[in-house]
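Single-structure report; data block below.
The structure displayed is predicted, hence computed values, not measured ones. Throughout, numbering of the chain's residues begins at 1 and tracks the sequence.
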Amino acid sequence: MAIYGVALLAACYIVGIFLGDIFGALVGVKANVGGVGFAMLFLILLTNKGIDAGWLDKKSQSGISFWSAMYIPIVVAMSSIQNVVAALRGGPLAIGGGLVGVAVAFAFIPIINKIFGNKSKQGVKP
C-alpha cells in the first residue's frame, strides 16, 4: 500500500533538491538550501491538486500519507548533521536569518487564510 504515490514523491524530491541547489548557489553557499522543504511544499500542493482534480486515487493518497508521516523523522535526521554551533558562532546573521524567516512565515498565515479560506466554515455565521 505504501508504494503507491512514490513516483510523485520522487519527482517532488528531485525538483526540490534541484531548486535548493540553485538557491544555495544564488546566495553564495556551496550547499543545498531548502531543497527538502521545497520538495515537501510541492508534494503538499500536488497532492491537494490531485485530490481536488480526481486524478489521485485512494491507494496513492494512502501511500503519500505514509511517506508524509515519514518526513518528520527524515528531516530530524538530516538536521542532525548540520553544524548549528558553527552557524551560531558565525555571528548574528544566522540568528537574524532564522528570526526573519519565522516572522515572514507567520506574516503569511493570515494572507494565505484570506486567499484560500477555510472551506469547512463556509456558510457558518459567527
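- Annotation for Pro110 and Ala107: closest pair CD-O, 3.3 Å, computed over non-hydrogen atoms.
- Sorted by first then second residue, the side-chain hydrogen bond (donor to acceptor under 3.5 Å, both in side chains) pairs that include residues 39-49, not counting sequence neighbours, number zero.
- In the hydrophobic clustering of ILVMFWY residues, with side-chain heavy atoms under 4.5 Å counting as a link, Leu19 and Tyr13 come out apart.
- Residues that satisfy the side chain to side chain contact (heavy atoms under 4.5 Å, CB included) test with Ile111, not counting sequence neighbours, are Phe108, Ile115.
- Val27 and Val100 fall into different hydrophobic clusters, where Ile, Leu, Val, Met, Phe, Trp and Tyr are joined by side-chain heavy atoms under 4.5 Å apart, directly or via other members.
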Residues Ile14, Phe18; criterion side chain to side chain contact (heavy atoms under 4.5 Å, CB included); working and verdict: CA-CA 6 Å; Ile14 290 170; Phe18 178 72; 5.5 Å; no
Tell me which donor-acceptor pairs under 3.5 Å the side chains of residues 31-46 have, and how far apart each pair is, sequence neighbours excluded?
from, atom 1, to, atom 2, distance (Å)
Asn32, OD1, Gly35, N, 2.8
Asn32, ND2, Ile17, O, 3.0
Asn32, ND2, Asp21, OD1, 3.2

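- The CG atom of Leu9 sits 12.0 Å away from the OG atom of Ser60 when rounded to the nearest 0.5 Å.
- Applying the 4.5 Å side-chain rule to ILVMFWY residues, one finds Val102, Ile109 in the same cluster as Phe106.
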